[in-house]
Amino acid sequence: MSHANLYARFERVFETHAEKTAIRSADGGTSLSFGDLARGAARYANALSALGVERGDRVTVQVEKSIANVLLYLAVMKLGAVYQPLNTAYTAAEFSYFVKDAQPKLIICDPSRQMEMRALADQCKVFAVVNLDAAGNGSLATMAATMDDRHETVEASDDDLAGLLYTSGTTGRSKGAMITHGNLFSNASTLVDLWRITGADTLLHALPIFHVHGLYVALNTAFLSGAEILWFDKFDAKAVTASLAQATLMMGVPTFYTRLLSDLSFGPDVTQNMRLFISGSAPLLAETHREFEARTGHAILERYGMTETGMITSNPYEGARVPGTVGFALSGVSVHVSGSQPGVLEVKGPNVFKGYWRMPEKTREEFTGDGYFITGDVCTIAADGRVSIVGRAKDLIISGGFNIYPKEIEEVLDQLPGVGESAVIGVPHPDFGEGVIAAITASGPLAPEAEMIATLSRTLARFKVPKRIFLVDALPRNAMGKVQKAELRKRYQAVFAPEGGSV
Ligand code: MCA
Ligand code: AMP
């Protein structure tokens with residue numbers, strides 16, 4: 001059974017390539033071979049084990065991106081425990097919901113948050129709180145350094161949980177998507193084959209590692225294939241451009257590509273060593289795709305996925321990468337549209353998650369009777385199987401690749417003094433694709449806009465907070481009384497447009 005632990009599959013690659021570089025930080029600070037990676041993961045696994053973590057336990061992680069964070073991710077998997085990564089932008093209020101729901105054995109946080117986490121841990125019967133900072137130091141790292149560098153990988157079956165990733169799905173409160181070892185292995189190995197990732201590749205990694213894209217799509221494909229990772233703690237267009245010549249492969253959200261293009265000197269001299277640029281997590285504008293190709297000669301490969309499903313479709317490696325489409329269902333994955341086209345895409349396959357954590361009812365609602373997961377994305381499927389996303393049946397905003405659920409923001413906005421009701425929408429934003437704004441009605445005296453924004457930031461992660469709040473006499477409603485968000489989007493579509501132009 002142990003071979004189904006995804007770490008055991010990585011381990012074989014790590015052993016085969018023990019001397020080869022696995023991860024190298026772009027600033028030249030750190031370089032680990034695959035052998036170092038295996039020994040580091042074992043030390044962290046021994047430390048976690050000493051802290052009481054056992055197979056099946058949840059481990060909640062909210063730390064800045066660092067190579068030590070990668071060792072921690074691997075260690076949790078090696079132990080057969082369940083990794084729960086959280087966006088570093090989440091506030092204490094948001095964080096406490098996730099901890100109460102997941103009931104982890106251990107919390108790992110930034111040292112600056114140790115005290116507040118400790119108080120939460122006491123309330124939630126969490127066994128221990130340890131820390132790790134942006135430089136990879138902290139109480140967990142100190143402990144790991146003293147540990148043995150061997151640790152036997154714990155057995156896991158394909159159906160055992162490897163991750164618990166929170167997402168709001170199509171509606172409602174955040175839910176933990178239960179991701180299994182089998183889900184992760186099937187998806188990563190399919191992508192390695194499809195995108196032809198090998199030990200000869202160098203993957204430029206500048207995505208956060210608390211979401212599926214940077215964590216599972218990027219890290220898992222590199223670890224399964226023996227590719228080298230060129231590591232950035234965050235995306236910075238200038239620094240990435242300066243290092244692109246050392247890489248062959250890059251994965252990014254559309255904002256990465258528009259930011260690279262905003263430097264007018266960005267062109268073929270820096271991309272000539274590159275084999276493949278991949279985009280996902282949000283729609284890549286056809287014009288970005290065309291401009292990138294015109295400037296560099298590279299057709300960005302756009303793919304589409306979800307937290308609950310991993311990757312679902314991809315444009316082909318060979319053959320046309322058509323701008324504005326997300327390509328074909330991955331091998332082994334079936335998709336269809338419910339009812340007539342366009343319709344909501346439904347998906348089935350070994351990539352589809354096991355269900356929402358402790359929410360059997362909600363899980364049932366999000367699957368069809370014949371076992372297809374309902375994505376909430378409105379799509380067309382052409383006769384040759386090519387999928388295009390044309391809309392969303394779910395009320396969701398995607399800003400710079402981060403998902404924002406308007407209802408969550410509206411609930412907080414409605415509590416502000418003087419706010420009658422609110423509607424939160426996404427409108428075109430030149431940098432983030434969609435930018436969050438709110439329309440509110442007044443039921444009494446209102447604080448100035450900047451003050452309301454500052455108040456919201458105390459409970460909501462900054463990226464979720466509306467960048468503008470507009471006062472209206474009444475929200476537009478249809479005959480049924482439902483707020484007409486499309487009407488509001490039309491009214492405010494040029495809010496972020498550069499002066500005199502369109503977004
Ligand atoms: C930062 N800010 C944002 C965003 N990011 N506002 C809206 N949307 C955002 N995405 C705000 C901050 O709160 C701050 O605001 C100001 O912008 C500057 O923050 P900073 O941290 O300096 O921003 P940045 O480093 O330039 O970050 C932008 C970014 C980042 C690089 C685009 O958001 C990013 O790495 N996004 C990738 C997200 C991702 O990995 N998504 C994958 C999800 P203030 O000044 O007011 O405080 S996985 C997924 O969706 C599925 C499965 C899939 O298919 O992949
Ligand atoms: P998440 O909840 O973070 O898993 O985000 C999943 C959602 O991101 C999907 O349901 C889509 O709406 C969106 N998404 C991911 N990739 C793409 C893409 N290439 N084009 C358009 N939307 C995408």
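Order of appearance sets the numbers: ligands from 1, and atoms from 1 within every ligand.
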Can you list the ligand 2 atoms lying under 4.0 Å from a non-hydrogen atom of [X]?
X      : value
Ser281 : 8 (O), 13 (C), 14 (N), 15 (C), 16 (N), 17 (C), 23 (C)
Ile389 : 20 (N), 21 (C), 22 (N)
Thr167 : 2 (O)
Val326 : 19 (N)
Met306 : 4 (O), 6 (C), 9 (C), 10 (O)

Please state which part of Leu284 comes within less than 4.0 Å of ligand 2, counting heavy atoms only: side chain, backbone, both or neither.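 Leu284 to ligand 2: no contact under 4.0 Å from either part.
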For a quick test of reading the model, state the closest non-hydrogen atom pair linking Ala92 to Glu116 and the distance between them.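 Ala92 and Glu116 have their closest heavy atoms at CB-OE1, 3.1 Å.
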Quick one: closest heavy-atom pair of Ile404 and Phe463, and the distance?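 Looks like CD1-O, 3.4 Å.
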Determine yes or no for a side-chain-to-main-chain donor-acceptor pair under 3.5 angstrom, with [X] supplying the side chain and [Y] the backbone.
X      : Y      : answer
Ser66  : Asn69  : yes
Asp160 : His181 : no
Arg462 : Tyr90  : no

Taking the six-membered ring for Trp, are the ring centroids of Phe210 and Tyr83 within less than 6.0 Å of each other?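 Ring centroids of Phe210 and Tyr83 are no less than 6.0 Å from each other.
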Which pairs would a plain distance check flag for residues 245-254, meaning a side-chain donor or acceptor within less than 3.5 Å of a matching protein atom at least two apart in sequence or in another chain?
{"unit_1": "Gln246", "atom_1": "OE1", "unit_2": "Arg24", "atom_2": "NH1", "d": "3.0"}
{"unit_1": "Gln246", "atom_1": "OE1", "unit_2": "Arg24", "atom_2": "NH2", "d": "3.4"}
{"unit_1": "Thr248", "atom_1": "OG1", "unit_2": "Asp201", "atom_2": "OD1", "d": "2.6"}
{"unit_1": "Thr248", "atom_1": "OG1", "unit_2": "Thr202", "atom_2": "N", "d": "2.9"}
{"unit_1": "Thr248", "atom_1": "OG1", "unit_2": "Thr202", "atom_2": "O", "d": "3.3"}

Answer yes or no: does an N/O atom from Tyr304 fall short of 3.5 Å to an N/O atom of ligand 2?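 No.
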Glu308 near ligand 2, heavy-atom distance under 4.0 Å? no
Quick one: does Val212 get a heavy atom under 4.0 Å from ligand 2? no
May I ask you to decide if the ring planes of Tyr166 and Phe98 are parallel, tilted or perpendicular, using 30° and 60° as cut-offs? perpendicular
Angle between ring planes, Phe10 versus Phe223, binned at 30° and 60°: parallel, tilted or perpendicular? perpendicular
For Glu487, give me all partners under side-chain hydrogen bond (donor to acceptor under 3.5 Å, both in side chains), at least two apart in sequence or on another chain. none
Using heavy-atom distances only, which candidate in Glu302, Arg303, His211 approaches atom 20 (N) of ligand 2 most closely?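 Among Glu302, Arg303, His211, the closest heavy atom to atom 20 (N) of ligand 2 belongs to Glu302.
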Give the single entry among Pro254, Ala282, Gly280 that approaches atom 23 (C) of ligand 2 most closely by any heavy atom. Ala282
Distance dump, ligand 1 polar atoms to protein, N/O, under 3.5 Å:
{"unit_1": "ligand 1", "atom_1": "6 (N)", "unit_2": "Lys467", "atom_2": "NZ", "d": "3.1"}
{"unit_1": "ligand 1", "atom_1": "8 (N)", "unit_2": "Ser399", "atom_2": "O", "d": "3.4"}
{"unit_1": "ligand 1", "atom_1": "8 (N)", "unit_2": "Ser399", "atom_2": "OG", "d": "2.6"}
{"unit_1": "ligand 1", "atom_1": "10 (N)", "unit_2": "Ser399", "atom_2": "O", "d": "2.8"}
{"unit_1": "ligand 1", "atom_1": "25 (O)", "unit_2": "Lys234", "atom_2": "NZ", "d": "3.2"}
{"unit_1": "ligand 1", "atom_1": "26 (O)", "unit_2": "Arg259", "atom_2": "NH1", "d": "2.7"}
{"unit_1": "ligand 1", "atom_1": "26 (O)", "unit_2": "Arg259", "atom_2": "NH2", "d": "3.2"}
{"unit_1": "ligand 1", "atom_1": "36 (N)", "unit_2": "Gly400", "atom_2": "O", "d": "3.0"}
{"unit_1": "ligand 1", "atom_1": "41 (N)", "unit_2": "Gly401", "atom_2": "O", "d": "2.9"}
{"unit_1": "ligand 1", "atom_1": "46 (O)", "unit_2": "Arg462", "atom_2": "NE", "d": "3.2"}
{"unit_1": "ligand 1", "atom_1": "46 (O)", "unit_2": "Arg462", "atom_2": "NH2", "d": "2.4"}
{"unit_1": "ligand 1", "atom_1": "47 (O)", "unit_2": "Arg462", "atom_2": "NE", "d": "2.9"}
{"unit_1": "ligand 1", "atom_1": "54 (O)", "unit_2": "Arg303", "atom_2": "NH1", "d": "2.7"}
{"unit_1": "ligand 1", "atom_1": "54 (O)", "unit_2": "Gly305", "atom_2": "O", "d": "3.4"}
{"unit_1": "ligand 1", "atom_1": "55 (O)", "unit_2": "Ser281", "atom_2": "OG", "d": "2.6"}
{"unit_1": "ligand 1", "atom_1": "55 (O)", "unit_2": "Arg303", "atom_2": "NH1", "d": "3.4"}
{"unit_1": "ligand 1", "atom_1": "55 (O)", "unit_2": "Arg303", "atom_2": "NH2", "d": "2.7"}

Just grab all the ring-ring contact (aromatic ring centres under 6.0 Å, His included) pairs involving residues 290-320, residues at least two apart or on different chains.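 Applying ring-ring contact (aromatic ring centres under 6.0 Å, His included) to every pair that reaches into residues 290-320, excluding sequence neighbours, yields Tyr257-Phe292, Phe266-Phe292, Phe277-Phe292, Phe277-His298.
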